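Accompanying notes for the structure given below.
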Amino acid sequence: GNSVTQMEGPVTLSEEAFLTINCTYTATGYPSLFWYVQYPGEGLQLLLKATKADDKGSNKGFEATYRKETTSFHLEKGSVQVSDSAVYFCALRGLSSGSARQLTFGSGTQLTVLP
Amino acid sequence: NAGVTQTPKFQVLKTGQSMTLQCAQDMNHNSMYWYRQDPGMGLRLIYYSASEGTTDKGEVPNGYNVSRLNKREFSLRLESAAPSQTSVYFCASRSWSGNTIYFGEGSWLTVV
């Protein structure tokens, strides 16, 4: 079945530091890949997505590139801000996950950015 | 823009009590989902509904029932709550052709 393995947290960085959160996946075919963000006390929001190999998703300074050869979708940001403090979830939606095509999530990575 | 709306946001139950979590979406989406979120485990799918009138089990359906009342609404029922059902519950929806799943703000449930 499909699975997502995500870098364990928590991750603590100083403001303006470089961020990488690793994500690798197992799936058949070419799944769609997503990063969701959850701010304290809120639901999940889509941060970015990529639907085919070598696509780069980007939003709010975050980027992730769909690497089929390494089955990875690592999240990066060049300069984090305190407001980026949140939990980040990597997820995939596979081709063979039933008619509802639901998401499979990683365990989440807590990011704290200190001023 | 309401999107996906869940109620209640917080609830405390005693073991053995029943309750229903309500979810409604105003985006005319066909598919709706219920997930639970537990520390260190990400989100796990409880039940889903691919379209009005259909429901199917997800990864962790035991102890839950669902109803797809109409296209807008998808409720989750705990018939006899157990402490293991203490969790944060998220409702979500997706259009038939869309690639993005939209989430509600979550319902924090504690069973004591």
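The shown structure was predicted, so the numbers you read here are calculated from the model rather than taken from an experiment. Keep in mind that the numbers below use all heavy atoms, side chains included, and drop hydrogens, waters and symmetry copies. In what follows, chains carry the letters A, B, and so on, assigned in the order in which the sequence lines appear, proteins first and then strands, with residues in each chain numbered from 1.
Heavy-atom neighbours of B/Gln11 CD from other residues, nucleotides or ligands within 6.0 Å: above the threshold of 12. The number of heavy atoms from other shown groups lying within 6.0 Å of CD (A/Glu69) is above 12. Taking a 6.0 Å sphere around OH of B/Tyr102, one finds it holds 12 or fewer heavy atoms contributed by other residues, nucleotides or ligands. Heavy-atom neighbours of A/Lys68 NZ from other residues, nucleotides or ligands within 6.0 Å: above the threshold of 12. The 12-atom threshold is not exceeded at NZ of B/Lys57, counting heavy atoms of other residues, nucleotides or ligands nearer than 6.0 Å.
Residues B/Val88 and B/Phe74 fall into different hydrophobic clusters, defined by Ile, Leu, Val, Met, Phe, Trp and Tyr side chains chained together at heavy-atom separations under 4.5 Å.
Between atom CZ of residue B/Arg94 and atom CZ of residue A/Arg93 there is a gap of 4.5 Å, rounded to the nearest 0.5 Å. For the atom pair OG (A/Ser32) and CD1 (B/Ile101), the distance works out to 10.5 Å, reported to the nearest 0.5 Å.
Residue A/Leu46 touches chain B through its side chain alone, counting heavy-atom pairs closer than 4.5 Å. For chain A, the nearby part of B/Gln37 is the side chain; its heavy atoms alone come within less than 4.5 Å. Heavy atoms of A/Gln38 lying under 4.5 Å from chain B belong exclusively to its side chain.
Considering only heavy atoms from C-beta on, B/Tyr33 stays 4.5 Å or farther from A/Leu103 through its side chain. Side-chain contact between A/Glu42 and B/Phe103: absent, with no pair of heavy atoms (C-beta onward) separated by less than 4.5 Å.
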So B/Leu43 and A/Tyr36, side-chain contact (heavy atoms from CB on, under 4.5 Å) or not? Walk me through it. CA-CA 11 Å; B/Leu43 277 75; A/Tyr36 279 83; over 6 Å; no

